[in-house]
There are 2 protein chains.
Amino acid sequence: MRFHSPAIQYFHAVRRTGSIRAAARVLNVASSAVSRQILKLEQEVGSPLFERTPRGLTLTTVGEMLARHVMNVLQDLDRFRSDVASLSGAWHGTVSIACIESLTESVLPDLIASHRGRARRVNFSTEVKGSSDVLEALSRGEADIGIAMALRHPPDLRQVALKRFRLGAVVAREHPLARRKTVTLAQCLAFPAIHALPELSIYHLLQPLIAQLSETPEPAIQANSIDLMRELAARGVGVAFQTQLGIGRLSRDSQLVFLPLDNAGSPVWSDLGIYVRAERTLPAYTDSFLQELVRELGERERRENAAYPPIA
Amino acid sequence: MRFHSPAIQYFHAVRRTGSIRAAARVLNVASSAVSRQILKLEQEVGSPLFERTPRGLTLTTVGEMLARHVMNVLQDLDRFRSDVASLSGAWHGTVSIACIESLTESVLPDLIASHRGRARRVNFSTEVKGSSDVLEALSRGEADIGIAMALRHPPDLRQVALKRFRLGAVVAREHPLARRKTVTLAQCLAFPAIHALPELSIYHLLQPLIAQLSETPEPAIQANSIDLMRELAARGVGVAFQTQLGIGRLSRDSQLVFLPLDNAGSPVWSDLGIYVRAERTLPAYTDSFLQELVRELGERERRENAAYPPIA
DNA sequence: ATAGCTGTTGCCGAAACGGCAGCAACATGT
DNA sequence: ACATGTTGCTGCCGTTTCGGCAACAGCTAT
């Protein structure tokens with residue numbers, strides 16, 4: 001099923017690989033063929049699409065516009081294909097997800113497992129990144145669904161849902177704070193703290209609050225892995241900070257305790273956004289998973305906010 | 001600028017014309033070429049796209065799916081072209097509008113005239129239809145922007161805005177009712193009435209209300225032209241019904257009087273919707289006009305509802 | 001200088017495309 | 001009933017486009 005002109009597909013490959021010869025290898029054709037199609041395209045558009053550098057090719061402004069068009073075309077072709085396939089009962093395809101680390105402990109594996117229980121022939125491709133990288137991967141068409149901290153998102157992305165989770169301190173069961181219901185940041189920082197590095201968005205949530213405190217002790221440990229921070233907290237090394245999403249199972253085993261943060265009487269929210277390319281219609285199997293994802297996150301938001309009601 | 005394979009464009013032409021030979025005439029190619037491209041497409045998709053009848057070709061289910069894809073591709077290509085053109089300062093293109101008759105008296109001509117005053121090279125193509133035909137033309141890709149009574153719209157259309165206007169009686173200045181501020185339907189029907197035929201949506205707004213009345217006299221005149229109905233009312237033939245949108249200028253000249261309907265103490269609303277194909281990104285020049293249209297209709301809605309405040 | 005990478009360009013065979021004329025199937029009008 | 005107009009489809013054949021091979025110039029790193 002290859003109705004679109006080779007120029008379109010070659011251009012797409014060159015954009016992804018950043019090189020004509022690399023694109024030719026991926027496409028299993030000679031590099032000269034790719035080169036010629038690109039030159040033909042540039043002639044038809046009337047303007048260069050790439051800047052030629054000794055190391056490869058970079059998109060020009062017009063090139064980026066064409067890239068957007070080509071992405072729309074190819075993604076919609078995918079959708080068409082899946083529509084035709086599902087007409088004859090074949091419900092299969094690959095859902096590509098880019099998300100931040102908080103989802104990997106419980107939300108995402110639970111959802112994927114249960115979804116595959118029902119739809120065996122839907123495959124998944126997941127990639128864990130920082131929030132801004134998630135959005136970028138989505139913009140570049142490298143993922144279908146993105147889950148990231150809800151920052152300002154570029155206009156070519158659509159925020160499907162926005163869920164708020166309370167940020168809290170995470171400590172081992174034996175920790176002195178563990179018996180409390182909520183904690184303030186100052187109370188936490190009286191103990192050794194495990195802080196996120198700036199590449200994690202938790203850093204940007206907590207930093208302004210920490211800056212307001214009169215006394216800011218040196219962090220005992222800094223890390224860029226939610227997983228590592230959680231395990232450190234479980235071993236009693238110190239107080240870590242994250243949403244309860246990231247410690248679901250361990251919390252159930254009662255090794256870890258989650259204490260929602262109390263910031264001068266109000267909660268500290270961590271906003272999670274679900275994103276999709278705006279100029280796109282998702283294939284049915286992808287949309288189906290997206291709906292479940294939104295529902296599940298909404299359910300977790302409801303449960304957690306019921307378990308930890310707003311501070312009066 | 002013809003990057004897309006001939007198969008795509010030929011298919012599009014065949015879908016529009018409903019015939020291979022007619023498509024060939026439009027495309028300035030031999031019918032055999034078109035026939036072969038369609039056959040090739042069907043072979044690649046693995047399923048027939050058209051049903052062959054002695055009179056021409058009709059889309060199959062798969063064909064409609066492909067038509068949707070092809071429409072997305074070609075409309076997005078248009079947008080890409082306009083994006084590239086506007087990069088070099090050339091802001092031109094054609095805005096295609098399908099709308100109901102109420103807009104033709106004042107709203108649309110005013111807007112188009114003022115828009116062309118600022119952007120001389122943006123052309124317009126307008127087509128007046130019934131509400132459901134407007135939506136259908138939009139779905140088929142025959143128009144960019146649709147304005148219609150806000151009925152249930154198909155899922156492939158997006159309602160950009162929804163504005164409510166009061167339905168009222170329209171009478172000549174000398175009419176006995178002309179001195180009133182508002183009128184009830186019963187009061188109107190005491191006089192000869194000019195009714196809309198079922199093909200106009202006003203019919204479907206008024207019919208349920210008329211059915212509730214104990215006494216329903218025969219309509220003096222039935223018509224399917226807003227324009228004609230207005231002119232008849234101006235000549236004192238009877239009472240016509242419409243929103244004030246349709247009688248803007250004549251009302252200013254005081255030949256006609258608009259009397260908002262009072263239905264048991266509450267207004268009778270006529271909802272106007274502005275629609276766009278959902279799976280589509282509009283070219284910049286089209287979007288610009290759309291914004292103005294929404295703003296202008298919002299402004300009229302505000303002004304009219306201020307002039308005729310809700311019945312206490 | 002050598003080796004490795006980049007994109008581009010002649011040359012040539014292969015594949016795709018399009019035009020012409022003719023086919024069968026069906027509808028319409030005399 | 002017959003002629004004439006459709007419709008889409010199919011050999012045949014020339015033209016255009018595409019792709020592979022090999023060679024080239026430009027640049028980088030060793």
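Letters A, B, ... mirror the listed sequences (proteins, then strands); counts begin at 1. Every value quoted in this text rests on a predicted model; they were computed, and no experiment measured them.
Regarding Asn28(A), its CG atom lies at a distance of 16 Å from the C1' atom of dC21(D), rounded to whole Å. Taking atom CZ on Arg21(A) and atom C1' on dC27(D), their separation rounds to 13 Å, with Å as the unit. For the pair Ile20(A) CD1 and dG19(D) P, the computed distance is 13 Å after rounding to whole Å. Between the P atom of dG7(C) and the CG atom of Leu49(A) lies a distance of 15 Å, rounded to the nearest Å. The separation between Leu27(A) atom CG and dC18(D) atom P is 15 Å, rounded to whole Å. Between the CZ atom of Arg25(B) and the C1' atom of dG19(C) there is a distance of 16 Å, given to the nearest Å.
Ring to ring, Tyr285(A) and His92(A) are not that close: their centroids are 6.0 angstrom or more apart. Between His69(B) and His4(A), the ring center distance clears the sub-6.0 Å criterion. A centroid separation of 6.0 Å or more is found between the aromatic rings of Phe3(A) and Phe11(B).
One finds a side-chain N or O of Tyr10(A) lying less than 4.0 angstrom from the OP1 or OP2 phosphate oxygen of dG19(D).
Arg68(A) and Asp83(B) are joined by a salt bridge, as a carboxylate oxygen and a charged side-chain nitrogen come within less than 4.0 angstrom of each other.
Out of dG7(C), dC9(D), dT28(D), the shortest distance to the side chain of Ser19(A) is found at dG7(C). The side chain of Ala33(B) lies closest to dG18(C) when the candidates are dT8(C), dG18(C), dC9(D). Listed nucleotides dC20(C), dC9(D), dT8(C) differ in distance to Ser31(B); the shortest reach to its side chain belongs to dC9(D). For Ser32(A), the side-chain atoms get nearest to dG20(D) when compared with the rest of dT8(C), dG20(D), dG22(C). Counting only heavy atoms from C-beta on, Arg55(A) has its side chain closest to dT28(D) among dT28(D), dG22(C), dT6(C).
A residue-by-residue look at Arg2(A) and Pro54(A) shows that Arg2(A) has its nearest nucleotide of DNA chain D further toward the 5' end.
When every heavy atom of Pro219(B) is checked against every heavy atom of His195(B), the shortest pair comes out as CB-CD2, 3.2 Å.
Near DNA chain D, meaning a heavy atom under 4.0 Å away, the residues from residues 36-45 of chain B are Arg36(B), Leu39(B).
Under the salt bridge (charged side-chain N to carboxylate O under 4.0 Å, His left out) rule, Arg280(B) has a single partner from Asp156(B), Asp287(B), Asp144(B), which is Asp144(B).
Backbone-only contact: Arg52(A) has heavy atoms under 4.0 Å from sugar-phosphate atoms and none from a base.
Proximity of a side-chain donor or acceptor of Ser86(A) to a complementary backbone N or O of Gly89(A) within less than 3.5 Å is not detected.
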